[in-house]
Amino acid sequence: MQLQPKLIALQLLHLRNPALGEGLEEEMERDPRVCVMGEDVGHYGGSYKVTKGLATKFGDLRVLDTPIAENSFTGMGIGAAMTGLRPVVEGMNMGFLLLAFNQISNNCGMLHYTSGGQFTIPIVIRGPGGVGRQLGAEHSQRLESYFQSIPGIQMVACSTPYNAKGLMKAAIRSENPVILFEHVLLYNLKERIPDEDYICNLEEAELVRPGEDITILTYSRMRYHVMQAAKTLVNKGYDPEVIDIRSLKPFDLYTIGNSVKKTHRVLIVEECMRTGGIGASLTAAITENFHDYLDAPVMCLSSQDVPTPYAGTLEEWTVVQPAQIVTAVEQLCQ
Amino acid sequence: MALSRIASSSSRSFNLLKPLSFAISLRRSISNDTTPMTVETSVPFISHQCEVPSRSVETNPKELLTFFRDMALMRRMEIAADSLYKAKLIRGFCHLYDGQEAVAVGMEAAITKKDCIITAYRDHCTFVGRGGSLLEVFAELMGRQAGCSRGKGGSMHFYKKDSNFYGGHGIVGAQVPLGCGLAFAQKYSKEETVTFALYGDGAANQGQLFEALNISALWDLPAILVCENNHYGMGTAEWRAAKNPAYYKRGDYVPGLKVDGMDALAVKQACKFAKERALKNGPIILEMDTYRYHGHSMSDPGSTYRTRDEISGVRQERDPIERIRKLVLSHDLATDKELKDIEKEVRKEVDDAIAQAKESPMPEPSELFTNVYVKGFGAESFGADRKEVRATLP
């Protein structure tokens, strides 16, 4: 075992080993049933270079370039999964998977149940989503809020190179259909990660910063806005506990609950829309389960209920900014 | 077993007319007689972008009698399901297959259980063709534990994994990409088997079908798309839904074959031809010209968009069971009485299965939450009261 963990980028355009790509590659080496399907994943190397080099290494039958037909290639991935293959289906942008909603909802999520347990669907559906840099409304969607009600699927959101690789590997090994939400703006992160084989628990939240005053729950890109706000908050004398929930379905109520019991205040910071987002569900879950421990109502900071505008300043105002987080914490901790 | 009973009773009556031994041997040999014989299909095949298979179908007495028995069983099963639905023992949606039995039976005769079949919601007979038992059918229809999906699927969600029957799907057309995925898995695992993805004339206008067909043709997948054209997509006739109702041609660059779907032997020939071709050349479309006697489902009388004369006309001229009956009788493979006895036997089998299914209990309340997820590889989570979190490499 190497003593020095290697420096790795979540995605580095000119290097060959992004964390996600490495996770994929290791799983493909380990299990010949793992294959990748998506638009431009093969010869082009992936639109965000996650799958770069895989086609040369594993061949055209394991890294498949599909035509632009999300509905059918997601369906094909699910059909292949029913026989025991383990496809990883990439949506070039998560928003495009809306075209495959029927397949994901009815066939992916429900087949294990409606067949009385006969078929499992060990598929991973992944892709970048979230608000980017002026990509326009249709390319800035947060699909986790649309998919969260589908029974039978698991949803995870990665946020660092470490958990990206770990979650990718765990998702591929899971017998359940897992949707892995990546973020367009997080592909360039750098972090040292261990050399040895590791996975992250799909159902577990990550404690980013322990604290006593307030529990801040977040995931994906908003984690970084929260950590930025945390610096300001610490200077102002607050001690926030920051938890990256990672598992969007099911929620890790164990970790979250223990934190709520300790701090008695909850702030949720998310990128979903205010209406019907992950934050809305999480608020309900916390209020229902940990009502007795709360000293203040759960506050949820979400994106505005608008299509993401193109203009940079407007786009900035659609998502939650660190200053708003600081204000919210001050409000809650009065 | 029934035939031996016939043998003992008929041998007594035929005693005076024929030597006893001959009478017994004549009767006993029918059910196992595999002497090859050739039958011509009554309607020629029409092809698109490929050659036509021969109209001479190889078969044998055993196969023909099996066809008769299986189709009679399926017919009886569907009629019984009709009565059960009207008695409110089956609820929700119930789509019956009577009239179309030849497709299920002919297809099975051409393939093995290693080949995959996937179809839409008119799946009761296809399930039985794949080896499903009557008990599983009726129990599932009534939502009982003994059902093939443990009562949690219903009429539209029959599956049988061990004989590669992939269901049973409610959303029109969604099963076709799944079917192409099955074919992809077969190619990936180098199994030399094929997938039959069945859909109806209504689903033939779905975009995902053409998407999946394009991918299958590009990747050379052993996918056979079978359009069970019963000419009506619920209440809409095919000429009102499709600009080009020649479904076997709509694959364009993918070859197609139009088959008389009421002739089990023609179906068998076509499926055999398609399997050989798909393994070498990639996808092919089969259009089965068939007909359903019932309406689209039990809530559809089936007579508002077509005339009763049309229905009875098809029943008289093209009924698949009658066709095999005539064939068997004309070739002297069995007597009329024997065939009627088979039908009686089948009827009893169906009644017995229904009685047994009625005794099966409703699922336990805890079944509501089983099979939503498969337990993970070593990571466990029990929600808010979880004691320990473990993530171990398998």
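Being a predicted model, the structure only gives us computed values, none of them experimental. To find a chain, count down the sequence lines: A is the first, B the second, and so on, and within it residues start at 1.
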Worksheet item: If you count heavy-atom pairs under 4.5 Å between each of A80(A), S115(A), P32(A) and chain B, which one has the most?
Response: S115(A)
Donor on one side chain, acceptor on other, [X] and [Y], under 3.5 Å:
X       : Y       : result
N71(A)  : E211(B) : no
T126(B) : D123(B) : no
S247(A) : Q154(A) : no
T370(B) : K152(B) : yes
S281(A) : Q148(A) : yes
H157(B) : Y159(B) : yes
T263(A) : E241(A) : no
S155(B) : H124(B) : yes

Practice prompt. Specify whether F147(A) and F181(A) have parallel, tilted or perpendicular ring planes, treating 30° as the upper limit for parallel and 60° as the lower limit for perpendicular.
Written response: tilted
In terms of heavy-atom proximity below 4.5 Å to chain B, should [X] be classed as side chain, backbone, both, or neither?
X       : answer
M37(A)  : side chain
P122(A) : neither
R33(A)  : backbone
L85(A)  : side chain

Practice prompt. Please determine if D252(B) and R250(B) form a salt bridge, counting it only when a charged side-chain N lies under 4.0 Å from a carboxylate O.
Written response: no
Which answer fits [X], side chain, backbone, both or neither, if we ask what part of it has an atom under 4.5 Å from a heavy atom of chain A?
X       : value
Q186(B) : neither
L368(B) : both
L218(B) : side chain

Discussion item. For chain A, which candidate among I171(B), L209(B), V176(B) shows the most heavy-atom pairs at distances under 4.5 Å?
Written reply: I171(B)
Worksheet item: Which of residues 97-105 of chain A get closer than 4.5 angstrom to chain B, counting heavy atoms alone?
Response: N102(A), Q103(A)
